[in-house]
Undergrad: 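Dropping a structure here in structure tokens format, bear with me for questions.
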Amino acid sequence: MLSGQALACADRAYRPFFLSPTPVGSTVLKTYEVSAANGGIRYMCLKLFDPATNGSRYFCGKGMLADGVTGYAVKSGTNSPRPFFVSSLTWGGNTWSRHFEFLEGGLGSIPERFAPDTSTGYAQDYAWNLNPRDTHADGTSKQASYIGAIALKTATSRNGVYVSPYRNATITGGKSFYKTELNQCEAGYRTYPDLATDGQLEEGILPRLWVDAWYANPYNGCSWAADWGLPVAGASTYSTTSLSTPCRTFAIGASGQPTMGINLHDTAQRRCPTWTQCDVGSFCCAGGVAIGENYTCVAKTDGTAWCWGFSSQQGTLGNNATASSLTPVQVVKRVVNTSGTTFEPLTGIVAIFGTPNTNDQVRLRTCARLKDGSLWCWGHEFSAITPYAAPIAGLTGVEKASLGQFHSCAVKTDGTVACWGENGSGELGDGTRITRNTPAAITAISGVVDVGTGSESTCARRNDGTVWCWGYNGGGQLGDGTTTGRLTPVQVTGLSNVVALATGSYHSCAIRRVELEGGGFARTLWCWGKNWSGTLGAPAADRGEVGGIYHSLVPRQVTALGSTVAEVNAGHQMTCARKQDGTLWCFGNNNQGALGTSSALFSSTPSLLSLGNDVGDLLGGSEHYCARRKSNGALLCWGNNQHGQLGRGNASALVRTPADATVLTCQ
């Protein structure tokens, strides 16, 4: 079987491969078919890791593909991938029975074969031992199990998320565990049933899937089940004297249920599969982006981090230096051993977070979540300045993080929140005003899926679609209808069905998803807090002018954006939103050109930026913004470029038109 590296853009987007007429070893994919004059023969090209050259190489050809190739198909019109399984795919003139999954949506990478006993997790270690042409000990075919073990593995085993496949109805069915067989409820895999199948293929390539209810809850931010119309599988909980803890699995073999399932590792991080499409022959270089005051950091798809722009004496760039840089420098970690101290690249990064909500260049820092769930930070981390990445002690199972001006918070995989830093206004949410240099759990809130930190306040989105805030409330940042500060979480008034949250310095915004009577959903944007420079998308707010600033004590809709808002980002005195048609709209302070226009110093009316309808992710800070294109993953930035933070290789005045960050290169 052909195998290659499974590379991910922040664990969510996979390098595609396409049909192409280019020869073996070519690095350019030109077209999908050879002209009729040249025979009209289709070829398939896979971009794989070549150990001979220690780099990437395209392998192309025609003929018979080995059994059991797996990867991703993408549903037309959505961003949700679905694992596919191909048995005996023939290359040649009539290669595909269906085209949109491949030529229009693109395919994912083939996962790399793991050597036995080299990693933790049965699926990654042993599922490759299942030959789809072989049989189990009881004489049944391994074909259905193979589809579950391999194709479903590609949907969940992203950057260190281990899965255990099983096919028995009750615990292990009285069988011992064998590396070449499939069982369930072994130690470490007793909590999270994830995906299941009955081994049947739809359209010749797609495994028929069932999912856990987690993927059908829109307030988790996951539309995967809805996009694909995947049914929810019934779950069962076993508790016997042979198990020290109960075991949750799917009801395998029940009427109308699948015959094969998988459990995530107990410490796994459930993530909703999404897709970032890339150009033919390329991949998404910027897997994740972090914006800070006058600097930019990128997590590349190889798991490394690179930063450029302002550093001064704070070590913001993470390269064990304090000098600013116009070009990317690699983030490193300190390694101490018997031979001395060295600094080596920080690797295994799947997400990155910056300090966007400040305008005074104090306590600038950046953090990265590694595939093992740890959080590593560099820069001014409260108690000390560390110019290289160092782990946050005692913090494990991190899913997301948010860095405010003087405090930080992290969401863990169990739905809890931990915060640390200054706490003069109660922004840590632990019921005190005590500053903490290490993370402290917030016991008053659970079921959290997202968190946002402002200047002296914090907001969190729960998996029931509600938003809760705490800390400073002088401008109505907490959204509870008062200006009273809170030491513990209080629910935002009148806000429900929330699927996205963004927190700026002194304001917050949320996207509501409401089902329409005639079918479909409305996605509207609501903002509250201080209305500096029009950051709420309205010229005045509910309570009038207080201290020279209009503000709103409760959420109010940004009606100018309509009902198709897909994503929101709130920076310092700035708000930007991406609509479902891929267009980008911004409002607020335009002193540094962040609105992408030259007509006003500020605007409470959303302005359309000149990016067409190709915007993917967007990120903002106090003086500059960046966005990624959907088509090729390219990074575009605009705004203040005093320290070269826009990635153009020079320091300059304002840049009001979005353009490529040319300093960012990938192999």
Side-chain angles (χ1 to χ4, degrees), residues 8-13 158-161 214 217-222 264 267-274 287-292 297-299 303 305 348-357 365-377 391-392 394-404 407-421 427-429 439-442 445-454 457-470 489 498-504 508-511 567-571 617-620:
C9 298
D11 74 24
R12 297 191 305 169
R158 302 181 297 278
N159 285 358
V161 179
W214 188 91
N217 182 358
Y219 306 124
N220 288 327
C222 186
L264 292 178
T267 60
Q269 301 174 58
R270 264 185 176 150
R271 302 168 196 155
C272 183
T274 57
V289 185
I291 299 293
C297 291
V298 165
I349 298 171
V350 294
I352 194 166
F353 314 95
T355 317
N357 296 325
R365 62 206 181 282
T366 307
C367 295
R369 175 173 67 84
L370 272 57
K371 62 184 181 181
D372 63 1
S374 60
L375 190 71
W376 293 61
C377 302
I392 300 298
L395 193 59
T396 61
V398 174
E399 180 64 22
K400 296 180 180 179
S402 181
L403 315 182
H407 75 293
S408 299
C409 292
V411 177
K412 303 183 67 174
T413 56
D414 60 4
T416 61
V417 178
C419 298
W420 63 101
E427 53 263 48
L428 300 190
I442 301 177
I445 191 171
S446 61
V448 176
V449 294
D450 199 4
V451 67
T453 52
S457 62
T458 308
C459 290
R461 178 171 63 90
R462 296 185 62 198
N463 56 13
D464 61 359
T466 61
V467 174
W468 299 68
C469 300
W470 56 94
V498 174
V499 294
L501 172 69
T503 303
S508 295
C509 296
I511 297 175
E567 184 183 6
V568 62
N569 180 276
D617 302 319
L618 59 106
L619 303 105

Undergrad: As an exercise, state the distance from CH2 of Trp470 to CD1 of Ile445, rounded to the nearest 0.5 Å.
TA: 5.0 Å
Undergrad: Exactly one of Thr366, Leu375, Val289 should register a side-chain contact (heavy atoms from CB on, under 4.5 Å) with Phe353. Which one does?
TA: Leu375
Undergrad: I would like to know whether Lys412 and Thr396 meet side chain to side chain contact (heavy atoms under 4.5 Å, CB included); could you show each step before the answer?
TA: CA-CA 7 Å; Lys412 303 183 67 174; Thr396 61; 4.0 Å; yes
Undergrad: Looking only at heavy atoms, what is the nearest atom pair of Gly354 and Ala290, with distance?
TA: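 That closest heavy-atom pairing would be N-CB, 3.3 Å.
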Undergrad: Got Cys377 and Ile392 here, is their nearest side-chain heavy-atom distance under 4.5 Å?
TA: yes
Undergrad: Nearest 0.5 Å please: distance from the OG atom of Ser508 over to the CG atom of Leu501.
TA: 6.0 Å
Undergrad: Please report the closest heavy-atom contact between Val449 and Asn220, naming both atoms and the distance.
TA: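 Reported closest heavy-atom pair: CG1-OD1, 3.5 Å.
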Undergrad: What's the spacing between Arg369 CZ and Glu399 CD if we round to 0.5 Å?
TA: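 It comes to 5.0 Å.
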Undergrad: Keeping the roles fixed (side chain from Thr355, backbone from Gly292), state whether a donor-acceptor pair exists under 3.5 Å.
TA: no
Undergrad: Are any side-chain N or O atoms of Asn217 and backbone N or O atoms of Asn463, one a donor and one an acceptor, separated by less than 3.5 Å?
TA: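 Checking the backbone N and O of Asn463 against the side chain of Asn217, a donor-acceptor pair under 3.5 Å is found.
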Undergrad: Drop me the distance from Leu403's CG to Thr453's OG1, to the nearest 0.5 angstrom.
TA: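 Output value for this atom pair is 6.0 Å.
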Undergrad: Apply side chain to side chain donor-acceptor pair (under 3.5 Å) to residues Arg365 and Ser408 and explain how you reach the verdict.
TA: CA-CA 10 Å; Arg365 62 206 181 282; Ser408 299; 3.0 Å; yes
Undergrad: If I take atom CG from residue Asn569 and atom CD1 from residue Ile291, how far apart are they, to the nearest 0.5 angstrom?
TA: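 Going from the CG atom of Asn569 to the CD1 atom of Ile291 covers 8.5 Å.
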Undergrad: Side-chain contact test, heavy atoms from C-beta onward, threshold under 4.5 Å: evaluate it for Tyr219 versus Val499 and give yes or no.
TA: yes
Undergrad: Determine the minimum heavy-atom distance between Val451 and Cys409, stating which atoms define it.
TA: CG2-CB, 3.9 Å
Undergrad: If you look at every heavy atom in Ala351 and Ile349, which pair is closest and at what distance?
TA: O-CG2, 3.5 Å
Undergrad: Do the side chains of Val411 and Val398 get nearer than 4.5 Å, heavy atoms only?
TA: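 No, their side chains stay 4.5 Å or more apart.
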Undergrad: Partners of Ser457 by side chain to side chain contact (heavy atoms under 4.5 Å, CB included), sequence neighbours excluded?
TA: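 Once residues adjacent in sequence are excluded, the partners of Ser457 under the side chain to side chain contact (heavy atoms under 4.5 Å, CB included) criterion are Gln477, Leu478.
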Undergrad: Holding to side-chain hydrogen bond (donor to acceptor under 3.5 Å, both in side chains), I want the full list of residues that pass it with Asp450, two or more places apart in sequence or in another chain.
TA: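 In terms of side-chain hydrogen bond (donor to acceptor under 3.5 Å, both in side chains), with neighbours along the sequence ignored, Asp450 is linked to no residue.
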Undergrad: Looking at Asp464 and Arg462, does any basic side-chain N land under 4.0 Å from a carboxylate oxygen?
TA: yes
Undergrad: Consider side-chain contact (heavy atoms from CB on, under 4.5 Å). Of Pro356, Cys459, Cys509, which one does Thr503 pass it with?
TA: Cys459
Undergrad: Tell me the closest heavy-atom pair linking Pro439 and Ala418, and the distance in Å.
TA: CB-CB, 3.9 Å
Undergrad: Does the side chain of Cys367 come within less than 4.5 Å of Ile352's, by heavy atoms?
TA: no
